[in-house]
Amino acid sequence: MTVRTRVAPSPTGDPHVGTAYIALFNLAFARQHQGQFILRIEDTDQTRSTAESEQTILDSMRWLGLEWDEGPDVGGEFGPYRQSERKDIYGDYAQQLLDSGKAFCCYRTADELNELREARRASGKHTALKESDLALPEDEVARRQSEGAPYVVRMRVPEEEGACVVDDMLRGPIELDWGMVDCQILLKSDGMPTYHLANVVDDHLMEITHVIRGEEWISSAPKHKLLYEYFGWDMPKLCHMPLLRNPDKSKLSKRKNPTSILYYKRMGFMPEALLNYLGRMGWSMPDEREKFTRQEMIDHFDIQRVSLGGPVFDQEKLSWLNGTWLREDLSPEEFAQRYVDWGLNPEYLMQILPLIQQRVETFSDVAPLAGFFLSGMPNLTLEHFEHKTLQQEDVSRILQFTVWYLDSERHWSKDRLFQNLKQVSEALGFKLRDFLFPLFIAIAGTNQTVSVMDSMEILGPDISRARMRSALNLVGGPSKKQAKKWDKEFRALTEALGV
């Protein structure tokens, strides 16, 4: 048997370090068994998936040194490798389940589903909906059918009590209560599959032998096991990796830790060091050394050495490890070249220099004006945010609304940022000049510099969001009560403005 593993990111945002973490362990396992590693794009969410996000994922993975044998850009005998290009395949398999009585069409509306879940919750039951909950009278089904009402295809699941036993390579047998498993949607009303159907069908057709994924998918394993049984297929071996954690042990999230690979690239981390650090997340070399290359990890890899304790993603530890790589693995000449490649490359400089050229009188003026483009987090104090008309709560409010907006913005350009933030400023009742003041400070450390929108476009979403969030943490965010009020206000504002 040829070992075949895969990673299947969704192109709906910035490339996540958690994706790289799972990809690394899939790659190491495949290479250690002389197998193949596949990259598949799971873009069934057509409203959020973008070609730009997909390309960023591919570029970031390659920057880290995570090369794949088959994928959307390199091809392979099991393609296509984008789920959006496999839509007809999933429809055929969904029909097969309908024909065999393993699935059914559901005409329930969103409001009806919410009422059913609330009723189950009120009676002290799990909110997982079963076929008996979802069933409509035959005449009502016929009426909705004749009116062309939208419907989804759901899988049938056991209604009786009992446990589903799932074998895991790290945990052994896991018992999961069927009562918590709902009749999962397999095919959405637009004809696109959900993750669950597409994942099972693709893994089977692509001959995936081992599914190494995050432990958040454990609860979905009974559905997947049942689908394999319905189709009469052998299920790949499952291995659920521990989730990356923030220092406070909560699940790694961008609100507490920068999670985008692009952030670490723009901050000046070496890809070798970041990959090394991800390899230490829940795994260790036989001799326990902390610094090792990708090839050294592959040579000594043993999946059984994975620890189930939630590995903590600590930026200070990563910075220390990166410093070790910089000092021990680069000669002064190599260090200079890496630095030039990172921050002084012509492509990056040509974005910055036209903005500052009209402001300088000597070349020595460049560094003070452009330094924030080549640094990490600005060294700020509360005094930096003092303003003649803005109170501290105003600054906090502006930064919080900006953070929420930037978190949701997927089309990053200075014109779009300016247009939308100008609308937010007007809706909040601030003069634009005053509204932009905290943004200048958060991004550049001063308001005596180039346009903050130009700066954010050049720095990109990852650094811009991180700097804005760092400033908000310094100034102090809203209280829990304020946060709920502001969040409600922000949602209403963005909906009204179409931001």
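As the structure is a computational prediction, the values presented were derived from the model and not from experiment.
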**Student:** Using side-chain contact (heavy atoms from CB on, under 4.5 Å) as the criterion, point out the one residue from Ile303, Thr209, Val3, Thr5 that pairs with His33.
**Tutor:**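 Answer after filtering Ile303, Thr209, Val3, Thr5: Val3.
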**Student:** How far apart are the closest heavy atoms of Leu399 and Ala442, and which atoms are they?
**Tutor:**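 That would be CD2-CB, 4.3 Å.
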**Student:** Answer yes or no: is there a donor N or O on one side and an acceptor on the other, between the side chain of Arg469 and the main chain of Val403, under 3.5 Å?
**Tutor:**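 No.
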**Student:** Side-chain contact, heavy-atom cut-off 4.5 Å: Ile443 with Phe372?
**Tutor:** yes
**Student:** Look at the rings of His224 and His196 and say which category their plane angle falls in: under 30° parallel, 30 to 60° tilted, over 60° perpendicular.
**Tutor:** tilted
**Student:** Does any non-hydrogen side-chain atom of Ser60 lie less than 4.5 Å from one of Thr56?
**Tutor:** yes
**Student:** Centroid-to-centroid, Phe25 to Tyr21, below 6.0 Å?
**Tutor:**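 Yes, the ring centres sit under 6.0 Å apart.
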**Student:** So, does Asn276 use its side chain to make a donor-acceptor pair with the main chain of Thr293 at under 3.5 Å?
**Tutor:**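 Not a single qualifying donor-acceptor pair exists.
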**Student:** If I compare all heavy atoms of His411 with all of Arg416, which pair ends up nearest, and what's the gap?
**Tutor:** O-CD, 3.0 Å
**Student:** I'd like to know whether Trp68 forms a ring-ring contact (aromatic ring centres under 6.0 Å, His included) with Tyr81, so could you lay out the CA-CA distance, the side-chain angles of the two residues, the decisive distance to 0.1 Å, and finally the verdict.
**Tutor:** CA-CA 12 Å; Trp68 46 95; Tyr81 293 91; over 10 Å; no
**Student:** Considering only heavy atoms from C-beta outward, does the side chain of Tyr93 approach that of Val200 to under 4.5 Å?
**Tutor:**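 No; the side chains remain at least 4.5 Å from each other.
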**Student:** Decide yes or no for Val452 and Leu417: does some side-chain heavy atom of the first lie under 4.5 Å from some side-chain heavy atom of the second?
**Tutor:** no
**Student:** Applying salt bridge (Lys or Arg N to Asp or Glu O under 4.0 Å) as the test, list every pair that has at least one member in residues 257-285; sequence neighbours left out.
**Tutor:**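 Output for this query lists Glu272-Arg338, Arg280-Glu290.
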**Student:** Does any non-hydrogen side-chain atom of Leu24 lie less than 4.5 Å from one of Met281?
**Tutor:**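 When only atoms from C-beta onward are counted, Leu24 and Met281 do not touch, as no gap falls below 4.5 Å.
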**Student:** Under the salt bridge (Lys or Arg N to Asp or Glu O under 4.0 Å) rule, what pairs show up with a residue in residues 299-312, not counting sequence neighbours?
**Tutor:**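 Sorted result for residues 299-312: Glu288-Arg305.
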**Student:** For the backbone of Ile185 and the side chain of Thr194, can you confirm whether one donor and one acceptor N or O come within less than 3.5 Å of each other?
**Tutor:** yes
**Student:** Identify every side-chain donor-acceptor pair in residues 8-15 under 3.5 Å, counting partners at least two apart or on other chains, and give the distances.
**Tutor:**
from: Ser10; atom 1: OG; to: Glu42; atom 2: O; distance (Å): 3.2
from: Asp14; atom 1: OD2; to: Arg465; atom 2: NH1; distance (Å): 2.6

**Student:** Which label fits Trp283 and Phe292: parallel for a plane angle under 30°, tilted from 30 to 60°, or perpendicular past 60°?
**Tutor:**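 Because their plane-to-plane angle is over 60°, the rings of Trp283 and Phe292 count as perpendicular.
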**Student:** Tell me yes or no: between the side chains of Ser413 and Asp415, is some donor less than 3.5 Å from an acceptor?
**Tutor:**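 Result is no, nothing qualifies.
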**Student:** So, Lys102 side chain and Gln96 main chain: donor-acceptor pair closer than 3.5 Å or not?
**Tutor:**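 Not at all, since once roles are kept as given, no pair shorter than 3.5 Å links the two residues.
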**Student:** Counting only heavy atoms not in Lys317 (residues, nucleotides, ligands), do more than 12 fall under 6.0 Å from its NZ?
**Tutor:** yes
**Student:** Determine all donor-acceptor pairs shorter than 3.5 Å in which one atom belongs to a side chain in residues 169-179; sequence neighbours excluded.
**Tutor:**
from: Arg171; atom 1: NH1; to: His240; atom 2: O; distance (Å): 2.4
from: Arg171; atom 1: NH2; to: Glu215; atom 2: OE1; distance (Å): 2.6
from: Asp177; atom 1: OD1; to: Gly179; atom 2: N; distance (Å): 2.9

**Student:** Who are the salt bridge (Lys or Arg N to Asp or Glu O under 4.0 Å) partners of Asp454, not counting sequence neighbours?
**Tutor:**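 Checked Asp454 against salt bridge (Lys or Arg N to Asp or Glu O under 4.0 Å); matches are Lys414.
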**Student:** When you measure from the side chain of Trp412 to the backbone of Met456, do you find a donor-acceptor pair of N or O atoms at a distance under 3.5 Å?
**Tutor:**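 Answer holds: yes.
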**Student:** With sequence neighbours excluded, what pairs up with Asp73 under the salt bridge (Lys or Arg N to Asp or Glu O under 4.0 Å) test?
**Tutor:**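 For Asp73 the salt bridge (Lys or Arg N to Asp or Glu O under 4.0 Å) partners, ignoring immediate neighbours, are Arg62.
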**Student:** Is a side-chain donor or acceptor of Arg40 paired with a backbone partner of Gln83 at a separation under 3.5 angstrom?
**Tutor:**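 No; judged by distance alone, with no hydrogens or angles, the pair does not exist.
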**Student:** Taking the side chain as C-beta and beyond, is there a heavy-atom pair between Pro72 and Leu39 under 4.5 Å?
**Tutor:** yes
**Student:** For residues Lys251 and Arg245, determine if any side-chain heavy atom of one lies less than 4.5 Å from a side-chain heavy atom of the other.
**Tutor:** yes
**Student:** More than 12 heavy atoms of other residues, nucleotides or ligands under 6.0 Å from CG of Asp88: yes or no?
**Tutor:** no
**Student:** May I have the step-by-step check of side chain to side chain contact (heavy atoms under 4.5 Å, CB included) for Ser260 and Val17, ending in yes or no?
**Tutor:** CA-CA 6 Å; Ser260 171; Val17 291; over 6 Å; no
**Student:** Can you check side chain to side chain contact (heavy atoms under 4.5 Å, CB included) on Phe78 and Ile38, steps first, answer last?
**Tutor:** CA-CA 10 Å; Phe78 296 95; Ile38 294 88; over 6 Å; no
**Student:** Looking at residues at least two apart in the chain, or sitting in another chain, which of them share a side-chain hydrogen bond (donor to acceptor under 3.5 Å, both in side chains) with Ser408?
**Tutor:**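 Counting only residues at least two positions away or on another chain, Ser408 forms no side-chain hydrogen bond (donor to acceptor under 3.5 Å, both in side chains).
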**Student:** State the OG1-CZ distance between Thr494 and Phe401, to the nearest 0.5 angstrom.
**Tutor:**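 These two atoms lie 9.5 Å from each other.
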**Student:** With sequence neighbours excluded, tell me which residues meet salt bridge (Lys or Arg N to Asp or Glu O under 4.0 Å) with Arg289.
**Tutor:**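 Partners of Arg289 under the salt bridge (Lys or Arg N to Asp or Glu O under 4.0 Å) test: Asp287, Glu296.
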**Student:** Any salt bridge linking Lys223 with Asp182? Criterion: basic side-chain nitrogen under 4.0 Å from a carboxylate oxygen.
**Tutor:** yes
**Student:** Asn257 vs Gln315, test: side chain to side chain contact (heavy atoms under 4.5 Å, CB included). Steps then yes/no.
**Tutor:** CA-CA 8 Å; Asn257 240 329; Gln315 284 198 73; 3.1 Å; yes
**Student:** Would one find more than 12 heavy atoms of other residues, nucleotides or ligands at under 6.0 Å from atom CZ of Arg359?
**Tutor:**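 More than 12 heavy atoms, drawn from other residues, nucleotides or ligands, come within 6.0 Å of this atom.
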**Student:** Is it the case that atom CG in Asp341 sees more than 12 heavy atoms from other parts of the structure closer than 6.0 Å?
**Tutor:** yes
**Student:** Between Tyr277 (side chain) and Phe313 (backbone), is there a donor-acceptor pair under 3.5 Å?
**Tutor:** no
**Student:** Is it true that a side-chain atom of Tyr348 and a backbone atom of Phe373 form a donor plus acceptor pair closer than 3.5 Å?
**Tutor:** yes
**Student:** By side-chain hydrogen bond (donor to acceptor under 3.5 Å, both in side chains), which residues pair with Glu216, not counting sequence neighbours?
**Tutor:**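 Residues passing side-chain hydrogen bond (donor to acceptor under 3.5 Å, both in side chains) with Glu216: none at all.
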**Student:** Who pairs with Glu333 by side-chain hydrogen bond (donor to acceptor under 3.5 Å, both in side chains), at least two apart in sequence or on another chain?
**Tutor:**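 With neighbours one apart ignored, the set is Ser331.
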**Student:** Show your reasoning for whether side chain to side chain contact (heavy atoms under 4.5 Å, CB included) applies to Glu85 and Asp43.
**Tutor:** CA-CA 9 Å; Glu85 298 172 2; Asp43 57 349; over 6 Å; no
**Student:** Yes or no on ring-ring contact (aromatic ring centres under 6.0 Å, His included) for His204 and Phe231, after CA distance, side-chain angles and deciding distance?
**Tutor:** CA-CA 10 Å; His204 172 71; Phe231 287 122; 8.1 Å; no
**Student:** Quick one: list whatever passes side-chain hydrogen bond (donor to acceptor under 3.5 Å, both in side chains) with Asn345, sequence neighbours left out.
**Tutor:** none
**Student:** Could you give the distance from NZ (Lys225) to CE (Met235), rounded to the nearest 0.5 Å?
**Tutor:**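 With rounding to 0.5 Å, NZ (Lys225) is 7.5 Å from CE (Met235).
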**Student:** Is the backbone N or O of Ile22 less than 3.5 Å from a side-chain atom of Asn26, with the two atoms forming a donor-acceptor pair by type?
**Tutor:**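 Between the backbone of Ile22 and the side chain of Asn26 there is a qualifying donor-acceptor contact (under 3.5 Å).
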**Student:** Looking at Ser250, is its backbone amide N or carbonyl O close enough to the side chain of Asp248 to form a donor-acceptor pair, meaning the two atoms are under 3.5 Å apart?
**Tutor:**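 Such a contact is found between Asp248 side chain and Ser250 backbone.
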**Student:** Can a side-chain donor-acceptor contact be found between Thr47 and Asp45 if the only test is distance below 3.5 angstrom?
**Tutor:**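 Side chains of Asp45 and Thr47: pair found under 3.5 Å.
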**Student:** Holding to salt bridge (Lys or Arg N to Asp or Glu O under 4.0 Å), I want the full list of residues that pass it with Glu70, two or more places apart in sequence or in another chain.
**Tutor:** Arg4
**Student:** Thinking salt bridges, do Arg6 and Asp202 make one under a 4.0 Å N-O criterion?
**Tutor:**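 Salt bridge: no.
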